[in-house]
Amino acid sequence: MSLLPKDSSITKVQNQDTGGNQLFPVFLKLNDLHTVLVGGGNVGLEKLTAILNNSTHAKVTVISREFLTEIHELAAQYDGLTVIQKSFTDDDLNDAEVVIAATNDSDLNKYIRQAAHDRKLLINVADKPELCDFYLASIVQKGDLKLAISTNGKSPTIAKRLKEVLNESIPDELDTTLQQMSELRNTLAGDFADKVKTLNKVTSVLVEPKITVNKNFIWLIWSTIIISLAVVISALYYREPQFKSFIEGVPPQFYYFLGAGFLFALVDGAIGMSYGVTSTSFSLSMGIPPASASMGVHLSEILSCGIAGWMHFRMGNINWKLFKLLVIPGIIGAITGATLLSSLEHYSMYTKPVVSLYTLILGWVILSKAFNIKRKKSTDKVKRISLLGLGGGFIDAVGGGGWGSIVLSTLIAGGRSPIFSLGTVKLARFFVAIAGSITFISLVTSDHWPAVAGLILGSALASPIAARISNKISTKTIMVSVGIIVILVSIKSIVAFITKVL
């Protein structure tokens, strides 16, 4: 079987043409072709791994005098992989259809290349672009979708970095869309032209230009709204005695929690977690009992998470399958945790340091995640989603926070798309917050409603902005700041308790 062009003049023209990347991308069915790979060292292992990762049923014969242990382990896993321990000879290519030379002997690689060309076979020579008939591209794969990246052999490192960028930016859920399109195509009736017209119409949303708004214009709108509100409130304060009396009658605690709720919701929108733990830590430091603090957090999150969830829904950031697996167990966990904590409200003197210890641990978790933010993600997705939702809802209700820190971080660490995980967790949190709030209101009698009202209003005002700025701010800086603040506030509460007891 000859894969090289019969007219060598074509190859000469290509070699002389330096006008950009002249490579023609193709996808080989390695399951049907016989690949011979010469070399059993690190380079050979790298090439072999690339092949098997993309084609698990590929028929590959590896020839070398010595082999790494990992290659033998792969041979035990893949039926199509054959390992032959011997020196290379020309006859080893008699049944080959694709050849890869991956030895550390440059003379041997050139000899293998000549033997391949004598049989008119295509060959890839590792780390020698000028000797290659084809390159092994960096591959981005999302289910059946596969993208190949080539730099014309100039910089494999650039190709690797582009692979990382595309892996992050292309959601895993795109494969679900691909499967749905395949099913739709199979159900279409009519001739070829009608089918193409329908499919083009359905997929037009993928290529339609998005309407962009100048960022300065957006900030101008927000500034105008804030200034207008300030002017109206000032006018009412100085001209309407009743309004002035109302404002002066509002407890200062309301304003403290209004500002805190706004700030914490902005931070939560940027990193997808920490609203509960920061709000609870702040509430405890302001003298609010644990059950009342958790109730305030959950009540404020009904509105803020509802708004954020709606914004993410409008932006298409919801994975509905993941949502269904999270929301019901999360509600059950929240009701159970709220019931337990409410029954201990009369013992708030003792539960407060316990909750502070919990927030201290969460602060440390957030801080540690900040310094490992570029850590390689696991390729194995979390499978026990319902159990994760149940535990997250329970711990969140008992400690007044932790849903984002536990559920969202676990999903992302398990290889799920950050933006889809963030949107889904936010929407599920809305229903979890409702369940926890109803339970707390039914069981807890609180005198701290100004603080609750401040959190509700402050977080609601920040929610639309928070959804827009998600992943737009330096995540590491914010996480470090939040972690340090939570740790310090929690330590303060614990030290205050110990001092009081002693």
Just to verify, what does [X] make a side-chain contact (heavy atoms from CB on, under 4.5 Å) with, not counting sequence neighbours?
{"X": "Leu162", "result": "Ile149, Ile158"}
{"X": "His57", "result": "Asn31"}
{"X": "Lys321", "result": "Asn319"}
{"X": "Ile328", "result": "Ile332"}

Interatomic distance, [X] atom [atom1] to [Y] atom [atom2] [nearest 0.5 angstrom]:
{"X": "Phe313", "Y": "Thr424", "atom1": "CZ", "atom2": "OG1", "answer": "12.0 Å"}
{"X": "Leu326", "Y": "Leu390", "atom1": "CG", "atom2": "CG", "answer": "11.0 Å"}
{"X": "Leu81", "Y": "Leu37", "atom1": "CG", "atom2": "CG", "answer": "9.0 Å"}

Test side-chain contact (heavy atoms from CB on, under 4.5 Å) applied to Phe394 and Leu340, step by step: CA-CA 10 Å; Phe394 177 81; Leu340 176 63; 3.9 Å; yes
With Tyr78 via ring-ring contact (aromatic ring centres under 6.0 Å, His included) - residues at least two apart: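 Tyr78: no ring-ring contact (aromatic ring centres under 6.0 Å, His included) contacts found.
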Contacts table for residues 432-443: side-chain donor-acceptor under 3.5 angstrom, sequence neighbours left out:
| unit_1 | atom_1 | unit_2 | atom_2 | d |
| --- | --- | --- | --- | --- |
| Ser437 | OG | His298 | O | 3.2 |
| Ser437 | OG | Leu299 | N | 3.2 |
| Ser437 | OG | Ala433 | O | 2.7 |
| Thr439 | OG1 | Ala435 | O | 2.9 |
| Ser442 | OG | Ile438 | O | 2.7 |

Nearest non-hydrogen partners of Ala397 and Ala334, listed with the distance: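 Heavy atoms of Ala397 and Ala334 come nearest at CB-O, 3.4 Å.
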Heavy-atom closest contact (Phe67 atom, His72 atom, distance):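 Closest approach of Phe67 to His72: CB-NE2, 3.5 Å.
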Report yes if the side chains of [X] and [Y] come closer than 4.5 Å at any heavy-atom pair, otherwise no.
{"X": "Ile139", "Y": "Leu147", "value": "no"}
{"X": "Thr35", "Y": "Lys59", "value": "no"}
{"X": "Asn54", "Y": "Leu30", "value": "no"}
{"X": "Phe323", "Y": "Phe431", "value": "yes"}
{"X": "Leu48", "Y": "Glu70", "value": "no"}
{"X": "Leu45", "Y": "Val43", "value": "no"}

Side-chain donor or acceptor of Ser55 paired with backbone N/O of Ile51 under 3.5 Å: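 It does not hold such a pair.
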Lys47 side chain to Leu136 backbone, donor-acceptor under 3.5 Å: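 Absent.
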